[in-house]
Number of protein chains: 2
Amino acid sequence: MRAKQTRRVDDALAALADPTRRQMIDLLRERPRRAGELAAAFDVSAPAVSRHLRVLRTRGLIEEEPAPQDARLRVYRLRQKPFQDLQAWLDEVEGFWTEQLDSFRALADARGRSRRPGGDR
Amino acid sequence: MRAKQTRRVDDALAALADPTRRQMIDLLRERPRRAGELAAAFDVSAPAVSRHLRVLRTRGLIEEEPAPQDARLRVYRLRQKPFQDLQAWLDEVEGFWTEQLDSFRALADARGRSRRPGGDR
DNA sequence: CAGATATTTAACTTGAAAGTTAACTATCTG
DNA sequence: CAGATAGTTAACTTTCAAGTTAAATATCTG
């Protein structure tokens, strides 16, 4: 039913697992940027940055296009879809609290959260 | 000043990077579960599951408490905060499209998106 | 054309992550 | 108490991600 979506969420999460890539997203969130701009922002070598960008691209989080004025430069920008997918997944997870917590937390609070009169399960 | 929040988002993303852990969240989303229940759901050994749970716990995504009736059992449940933090971060990222894309894309489209025809994407 | 610039690919090293089996701890049950 | 059950920790192996430097590719500039 949602195997493909699940796959995309996993892709996005895998891509975002590395803090450097996470920060790259934060930079690209402000505006599209060239590879060199990003490389300057992080204290790692250019090849390392290049590989991070490749990961982000193959996982679908960003897209690349050559800069119009100078074809040596490559400009990277965010793609929307994976972030939408992530949000959709998080909304599902949030259901845990909106659906269940009402009844559950009411019960938990009622019994003081650490005591154990038989309640759940 | 959101260094601490950034840290938490990185923690959450690191914890969710592994697809097995991602699926564990999906199971815990339905209801709190024991370690053994989760182990049964995944085709890996119990120690492997135990370690995944530890990662999820130390990164703050779940919490553990002994089951009331049988202290051998440990019940794991989702914690809300990291997911809220993630959503907050995603909302920031989404700003890219709502704030900037309007003007940016309008401009890009207006000038034909690049000097070359066709190749794009 | 020669040299500089931007970025990627290649080749390699290293550290950590994830899996395994075996052993340990704690708790329950007859 | 003896044995079973639930789960974790220990010790080890293997795979892989991320970093590095060096070389390659492509494009711009004088």
Side-chain angles (χ1 to χ4, degrees), chain A residues 10-25 27-28 31-77 114 116 118 120-121, chain B residues 10-25 27-28 31-77 114-116 119-120:
Chain A
D10 281 344
D11 273 342
L13 288 170
L16 295 171
D18 183 282
T20 299
R21 288 196 293 267
R22 227 295 311 285
Q23 282 181 258
M24 285 175 166
I25 298 297
L27 289 176
L28 292 175
R31 59 190 149 85
R33 300 190 187 243
R34 327 188 263 103
E37 248 178 302
L38 294 167
F42 300 95
D43 188 27
V44 290
S45 63
V49 168
S50 184
R51 184 125 44 98
H52 280 309
L53 289 170
R54 179 150 52 99
V55 171
L56 289 171
R57 185 167 46 75
T58 58
R59 302 271 185 174
L61 278 74
I62 64 177
E63 59 190 6
E64 176 240 298
E65 72 182 313
Q69 336 79 358
D70 184 339
R72 288 173 304 178
L73 316 181
R74 303 190 196 181
V75 174
Y76 291 90
R77 88 175 68 248
S114 64
R116 35 248 281 239
D120 56 312
R121 204 155 163 92
Chain B
D10 281 343
D11 274 341
L13 289 170
L16 295 170
D18 183 282
T20 299
R21 289 196 292 266
R22 227 295 309 287
Q23 282 180 258
M24 285 176 165
I25 297 296
L27 289 177
L28 292 175
R31 58 188 150 86
R33 300 188 189 245
R34 322 189 269 104
E37 249 178 300
L38 295 165
F42 299 96
D43 188 28
V44 291
S45 64
V49 168
S50 184
R51 184 123 48 94
H52 280 308
L53 288 170
R54 180 150 52 98
V55 171
L56 288 171
R57 185 167 46 74
T58 59
R59 302 270 186 176
L61 279 74
I62 64 176
E63 59 190 5
E64 176 239 299
E65 72 182 312
Q69 338 79 353
D70 185 339
R72 288 173 303 180
L73 316 181
R74 303 189 196 181
V75 175
Y76 291 90
R77 89 174 68 249
S114 88
R115 295 129 75 105
R116 324 177 165 185
D120 205 324

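Computation of the quantities below employed the complete heavy-atom set of this structure, encompassing side-chain atoms and omitting hydrogens, waters and symmetry-equivalent molecules. All chains are named by letter (A, B, ...) in the order of the sequence lines, taking the proteins before the strands, and each is independently numbered beginning at 1.
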When rounded to the nearest 0.5 angstrom, what distance separates CG in B/Leu28 from CG in B/Leu53?
-> 7.5 Å
In B/Glu64, B/Glu63, B/Arg31, the residue satisfying side chain to side chain contact (heavy atoms under 4.5 Å, CB included) with B/Arg77 is B/Glu63
Check the distance between [N]'s [atom2] and [X]'s [atom1] and give it to me in whole angstrom.
| X | N | atom1 | atom2 | result |
| --- | --- | --- | --- | --- |
| A/Arg74 | D/dA26 | CZ | P | 10 Å |
| B/Glu65 | D/dA6 | CD | P | 19 Å |
| B/Leu38 | D/dT8 | CG | C1' | 15 Å |
| B/Arg33 | D/dG7 | CZ | C1' | 18 Å |
| A/Leu53 | D/dG19 | CG | P | 12 Å |
| A/Arg34 | D/dA26 | CZ | C1' | 16 Å |

Given that B/Val49 and A/Ser45 both sit by DNA chain D, which one's nearest nucleotide is further toward the 5' end?
-> B/Val49
Distance-only, no hydrogens or angles: does the A/Arg21 side chain make a donor-acceptor pair with backbone N or O of A/Ala15 under 3.5 Å?
-> yes
Are the side chain of B/Arg59 and the backbone N or O of B/Ala14 linked by a donor-acceptor pair below 3.5 Å?
-> no
Counting any heavy atom closer than 4.0 Å, what does A/Tyr76 reach on the DNA or RNA strands: base, sugar-phosphate only, or nothing?
-> sugar-phosphate
Which residues pass the side-chain hydrogen bond (donor to acceptor under 3.5 Å, both in side chains) test with A/Arg74, sequence neighbours left out?
-> none
Could I get the full list of side-chain hydrogen bond (donor to acceptor under 3.5 Å, both in side chains) partners for A/Arg51, not counting sequence neighbours?
-> none
Nucleotide interval of DNA chain C bounded by contacts with chain B (heavy-atom cut-off, under 4.0 Å) | C/dA18 to C/dC28
Would you indicate which nucleotide in D/dT8, D/dG19, D/dA26 comes nearest to any side-chain atom of A/Ala48?
-> D/dG19
Starting from the 5' end of DNA chain C, give me the residue, B/Arg51 or A/Ser50, whose nearest nucleotide shows up first.
-> A/Ser50
